[in-house]
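Here is the structure we will look at.
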Amino acid sequence: MEIPKTYNPKEAELDHYRRWEANGFFTPEINQNKDAESFSIVIPPPNVTGTLHMGHALQHTLMDTLTRWKRMLGYRTLFLVGVDHAGISTQLMVTRQLKKDEHKSPQDVGREAFTAKAWEWKEKYGGEITQQIRREGLSVDWSRERFTMDEDLSKAVREVFVRLYEEGSIYRGTRIVNWCPKDKTVLSDLEVKEEKAKDGKLYYLKYPIVSSYDILQTLTVATTRPETMLGDTAVAVNPNDERYSSLIGKSIDLPLTDRQIPIIADDYVESEFGTGAVKITPAHDANDWEIGERHGLEKLVIMNHDGTMNEAAGAEFAGLDRFEARTRIVERFEELGLLEKIEDYEVTLPRCERCKTIIEPLLSEQWFVKMDGLRDLALDLMRKENSPRFVPEVPHKKVYTAWLENLRDWTISRQLWWGHQIPAWYDDAGNVYVARTAEEAYEKAGSSGLRQDDDVLDTWFSSALWPFSTLGWTGEVTETQDLETFYPTDVLVTGRDILFLWVSRMVMTGLKFLGEKPFDDVIIHGTVLDKNGQRMSKTKGNGIDPLDVFDKYGVDATRMTLAGSATGVDFAWRDERVESFRNFANKIWNATRFCLMNSEGASVDLGSLKFNSGKGSLADRWIVSRLNRTAKAVNYALQTYQFHEAVQLLYHFFWDDFCDWYIELVKDEITAGSGYAGADDGDSPGVKPEAVEVSKETAASRTRILTVLEQALRMLHPFMPFLTEELWQKLPGVSNGMHNVAYATAERTIMLADYPSGDEALIDEKAENEMSAVIELISKVRNIRSEMNIKPSEKVPVHVAGSDSLRSILAENESKILKLARADRMVLAETLEVPKASARAVLTGAAEIAIPLEGLIDFAKERERLENQIAKLDVELQRLNGQLSNANFVERAPAEKVDELRVRQTEIIQQTATLGQNLAALA
RNA sequence: GCCGUCUUAGCUCAGUGGUAGAGCACUCGCUUCACACGCGAUAGGUCACAAGUUCAAAUCUUGUAGACGGCACCA
C-alpha cells in the first residue's frame, strides 16, 4: 500500500467524523451489551452566542478522551452535548442586529416579535459552536443534543421554580440589588466583578447642622459617590464617638434639597474612617439600606434604571447621568463653600461582567432563591461523603466549601425578554399566582384575567438543572430511561470560573430534586494563557483561535498538546509544543507507512503477541512487555485523570520503544526477501511486492509488528482520534472482530475497538532487563563512535567482556547489535584482549567494552573520555560514601535502601577501577 | 484584609521524602533504503532565598521575596 510521506490531517478529519456520526457510533445505543456499565458526561453548554476558544478546546479534549476511552472499554457511553441560551448575551446580539437591520429597539417591536427574532437568530447563527465541536472530533451524541430553552428543559425549569416557591425557598422581595444601567437588568453577585479604579476620589462634604443658634455649624461626611447625597435620609455616627455625641438626635439641612435629615447613632460606623460621620442613602447602598431598616429611615430612590437621576433628585439634577450629576454636585458644594476637600482614594468598583458598566446598587423588587436549605444539602454531601471529589482537590474543595458556608440569597429575576419567563402571574389586585402553566395559574386565581411576570430567570437557573433536565427530567412521575441509565453522571469537566455559578448549583439542585448528586468527580482544568503567561482576552487581542491551530497543525496534535498539560494547572500556549505533537503525528504516520510497505503476507493477529514464557525473540518479548506495561500505566493515568501522564507514556512508548528500538531491531526481519525496504522518493512506483515470495518467518515478524502497531493505535485513539482511525483502517486484517464485545456487530472502526488494558502476564521483567543490556551496549558503542568522530559509514569491531549470561544474551542478538552499532563483528570473551589503541567503556554488571581503533584513535581524546567517565562516577561515589559512612543512615534507613546503595557503591568502585586501568594503559 | 497557588535546564513545563526529568531551543555528526515534521551523540540545573524537622528535603514545616488567583470590605 502506498501512502504519502507526510501526514495531512485535514483530509482525515471531516470524513471520519461524518462516518462516525452517520453510523451512530456516538450514541449509547451502539452498545449491544445489556449488562454494560454506563458512563456519562454532560458538556458544559457553551453559550449559543459563543465561538470556540482554547478553554473549550481544553475541556472538550479531556471529556472526549475520557469518553472514547470508556467507550472502548465497553461502557454504555453518553457524552451529552448542548447549548446554553445565554440570556444577556443573546439579547444584546439580537438587539444589535435589530438596530442595524431595522433601526428599531426591542421596545419598538415588542416582546413577542423580539423573542421570535431571537429564535431566528439562534437557528441561524447558534449552530456555529456545534459545527466547531464536530471539528474537534468530540464523540457527542447529536441525537440527544439539548438547548436550555427546549420545551422539556423549560418544563423542568418551571417545575423547579414552582416547587421552590411552594416550599418558601423562592420569594419576591425589595432589596438593594446589583443593577447594570446599560443592560438595564439586575445581576446576581457572581455576575459582578470588582475592579480597581484608576482615579478614585474621596469627597469631604460639609453638611450644615440645624441649630437653634445662628452660627453655622457643619458636620463633614466623606463619600466616593457624592451624587447619592440627594438620596440621603440620615447621617450616622458611632454611638461611642465622643466628638459627635452631642449631635445625635439633631438634624442636617441637606444641601441642594429642602429636606432635613436626622443625625443618628449606629455601630456600623467606624469612627476612625474618614470623618467618622457617614451619609446614609438607603435606596442606593446595601449597608445604608440595612441602617435604614434599623432606624426606620425613608428609602428615597433618586435614579432611573438607565443610570440617570430622576425627579426625586430635584429639578436641577433630574435627567442628568449619574456621573454628570456627580460633577455638578461637587461644583455646587464648592460654590456653597461646603466642599471641604477631595482626596485621592483607591476604590474598587463593581462592574457588569458582560459590558463592564459600573454597577449601581439600586433598590428594586426582584425574585430571590433562599439558599439555606440548598446550601446545607451541598455542604452535608461534602462533609459526609467528600463529594464531589475535585481534581485537583487543592484548592477547589476548600474554596467551594467556604463559598457555600457564606452563601447569600440568589437574585434570579432578570429584566430581559430572552429566557425562561418567570412562571408567576398577577391579578389586578397584585396577588401573585405561581404555577407551571398559565392554565394552572388561572385555576388558582379563579380568573383568566392575569398578567405574567415580565422578567425571565437568570440563565444559570436553567443551567443548574442541566445534568438531569437534559436526561428527560421534568418533574413528572414517569422518569425516562436515560435518567435511569445516565444519572448521576460520572465526571464533570469545567473551568474554575464557574465553580460557584454552575457547579455548586448543579450539586444543590441535583440533591434537592433527584435526591442524588449529579456527578462523582469534578475536574477543574487550568487556564490556557498566551505565550507571555497572560490571560487571553478579546480586549487584549492576545487570544489564540483553536481553529487556526487545527488548520495549521491538525486537530489531533492540538488535542495532544492540551491533554499533555498537567490537570488543573495553567499553562502558557506555545506553538512549538503543538509542533512537536504534529511531528509525533507524522512519526506515527511514517511508522505505519513503513509497516504497511512491508505487510505483504501478514495481517494484524492478536495471537501473535501471546508468548509462552521464553518463546519469541528478545525484541518481541521486550516490545510486548513494554506495550502491556504502557497499557496498564495509561489506564491508571486516565483513571486518576492524569492526562499528561498518559500522553507522556504514549509518546515515549511509541517514539522511543516502538520506533527507535523495536522497528530498528526487527527491520531486517521485516524487510527480508521483499527487496522492497522502502520507496525511494515517492515519485517512482517502487518494486511491486507481490512479485516476491514472503517466507513464513518474515510473515510472522510482519504480523507481530503490525499487531503491536495496531495496539498502540488503539491506545492513542482517545487522544488522537482522526489519525488513528485513518491508519487503523489501512492495516491488513482489522475487522469488527477487534471491537469490544459490546459493539461486535457495528461497522468496523477503531473507536469501538477493545481498549488495551495491559496483561500482567505479558509484562516480562527478564526481557526488559536483557534488552536494557543490549541497549546499553549499543548506546556505548554509538557514544564512542560519535566522540571519536568515526564516520557512520565506517564499521568497527566491538569487543565485550562480561558474565556468561550477558555474553549469551548478546550472542543471541548479535545481528541486531551489529546493525544498530554499525559494527562488523562482535568479540565476546571473559576478559578483553584488545590493542592499546582502543576506546573503552564500562557496562552495568562488571562488563566492559572496547573498540580497537588502530590509527583512528586520538589518545588525548580517549584519555579525556575516560577521565570524564571516572569523574562522573566519582561524584556519585563520594555521595554514596558519605551516606554509607553515616551510622545514623545505616541504622535508621530501610535495610533495602542501604543494600541498594551498597550494591551501587561496589559497582562504581569496580567500574572506576576498570576505567582507571584503561587510563593507565593509555599512558 | 482573609484564603490560596506558583517560583525546577535558555524557553514551556512534569516530578511530593531516598542518585534531578521531558519537549522545544542550543552544540557536534549524519541525504543509514518509514519519517530532516528525521536519525545518532553531547552539553546544560547549589530545584527563588533563609531557617527548621529528618539518617536523608526540589519534595514536609516556618519565614522572606517575587508572580498570579479567589473571596470580602470599601463612608
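Predicted model only: the values in this text are computed from it and were never measured. Numbered from 1 within each chain, the chains take letters A, B, ... in sequence-line order. In what follows, every heavy atom counts, from backbone to side chain, and hydrogens, waters and symmetry copies are set aside.
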Quick one: label A:R535 by what it contacts on the DNA or RNA (base, sugar-phosphate, nothing), any heavy atom closer than 4.0 Å. sugar-phosphate

Given the C1' atoms of B:rG15 and B:rC74, what is the spacing between them in whole Å? 43 Å

Base, sugar-phosphate alone, or nothing: which one does A:V890 contact when heavy atoms must sit under 4.0 Å apart? nothing

When you check the phosphate oxygens OP1 and OP2 of B:rU42, does a side-chain N or O of A:N783 lie under 4.0 Å from one of them? yes

Name the orientation class of the two ring planes belonging to A:F581 and A:F584 (parallel below 30°, tilted from 30 to 60°, perpendicular beyond 60°). perpendicular

Touch class at under 4.0 angstrom, heavy-atom based, for A:R822 against every strand present: base

Measure the distance from CG on A:L820 to P on B:rG40 and round it to the nearest whole Å. 10 Å

So, A:R496 and A:T527: side-chain donor and acceptor under 3.5 Å apart, yes or no? yes

Parallel, tilted or perpendicular: which fits the ring planes of A:F643 and A:Y641, with parallel below 30° and perpendicular above 60°? parallel

Can you find an N or O donor on one side and an acceptor on the other, under 3.5 Å apart, linking the side chain of A:E194 with the base of B:rC74? yes

Identify whether any heavy atom of A:Y345 sits under 4.0 Å from a base atom; if not, whether one sits that close to sugar-phosphate; answer base, sugar-phosphate or nothing. sugar-phosphate

Give one of base, sugar-phosphate or nothing for A:K872, where a contact means two heavy atoms less than 4.0 Å apart. sugar-phosphate

I'd like the C1' distance from B:rC6 over to B:rU59, given in whole Å. 15 Å

Please tell me if A:Y268 has a side-chain N or O lying less than 4.0 Å from either OP1 or OP2 of B:rC74. yes

Given the ring of A:F594, does A:K667 sit roughly above its face, with NZ or CZ under 6.0 Å from the centre of the six-membered ring and within 45° of the axis? yes

Do A:E900 and A:K897 meet the salt-bridge criterion of a basic N to acidic O distance under 4.0 Å? yes

Work out how far the C1' atom of B:rA43 is from that of B:rA48, and round it to whole angstrom. 25 Å

Gap in Å between the two C1' atoms, one belonging to B:rG70 and one to B:rA9, rounded: 32 Å

Ignoring hydrogens and geometry beyond distance, is the side chain of A:T348 in donor-acceptor contact with the base of B:rC74 at under 3.5 Å? yes

Step by step, work out the side chain to side chain donor-acceptor pair (under 3.5 Å) result for A:Y204 and A:E343. CA-CA 8 Å; A:Y204 289 77; A:E343 280 182 351; 3.0 Å; yes

Side-chain donor or acceptor of A:R593 under 3.5 Å from a matching atom on the base of B:rC35? no

Remember a base hit wins even if backbone is also touched, and classify A:K587 as base, sugar-phosphate or nothing at under 4.0 Å, heavy atoms. base

Tell me what A:L202 touches on the nucleic acid: a base, only sugar-phosphate, or nothing, going by heavy atoms under 4.0 Å. sugar-phosphate

Is it true that A:E195 and A:R351 have a side-chain N and a carboxylate O under 4.0 angstrom from each other? yes

Identified pairing partner of B:rU42, criterion: Watson-Crick or G-U wobble below 3.5 Å: none

OP1 or OP2 of B:rG4 under 4.0 Å from side-chain N/O of A:K398: yes

Rounded P spacing from B:rA25 to B:rG18 in Å: 32 Å

Determine the contact category for A:A572: base if any of its heavy atoms lies under 4.0 Å from a base atom, sugar-phosphate if only primed atoms, P, OP1 or OP2 are that close, otherwise nothing. sugar-phosphate

Classify the nucleic acid contact of A:S580 as base, sugar-phosphate or nothing, counting any heavy atom under 4.0 Å across all strands shown. sugar-phosphate

Describe the nucleic acid contact of A:A566 in one word from base, sugar-phosphate, nothing, applying a heavy-atom distance below 4.0 Å. sugar-phosphate

Select base, sugar-phosphate, or nothing to describe what A:E900 touches, counting heavy atoms under 4.0 Å on all strands. nothing

Between C1' on B:rA22 and CG on A:D660, what's the gap in Å once rounded to a whole number? 15 Å

Which part of the nucleic acid, if any, lies within reach of A:V394 when heavy atoms closer than 4.0 Å are counted: base, sugar-phosphate only, or nothing? sugar-phosphate

Classify the nucleic acid contact of A:C659 as base, sugar-phosphate or nothing, counting any heavy atom under 4.0 Å across all strands shown. base

Would you please confirm or rule out a distance under 4.0 Å between OP1 or OP2 of B:rC28 and any side-chain N or O of A:N789? no

A:E645 near the nucleic acid: base, sugar-phosphate alone, or nothing, with a heavy-atom cut-off under 4.0 Å? nothing

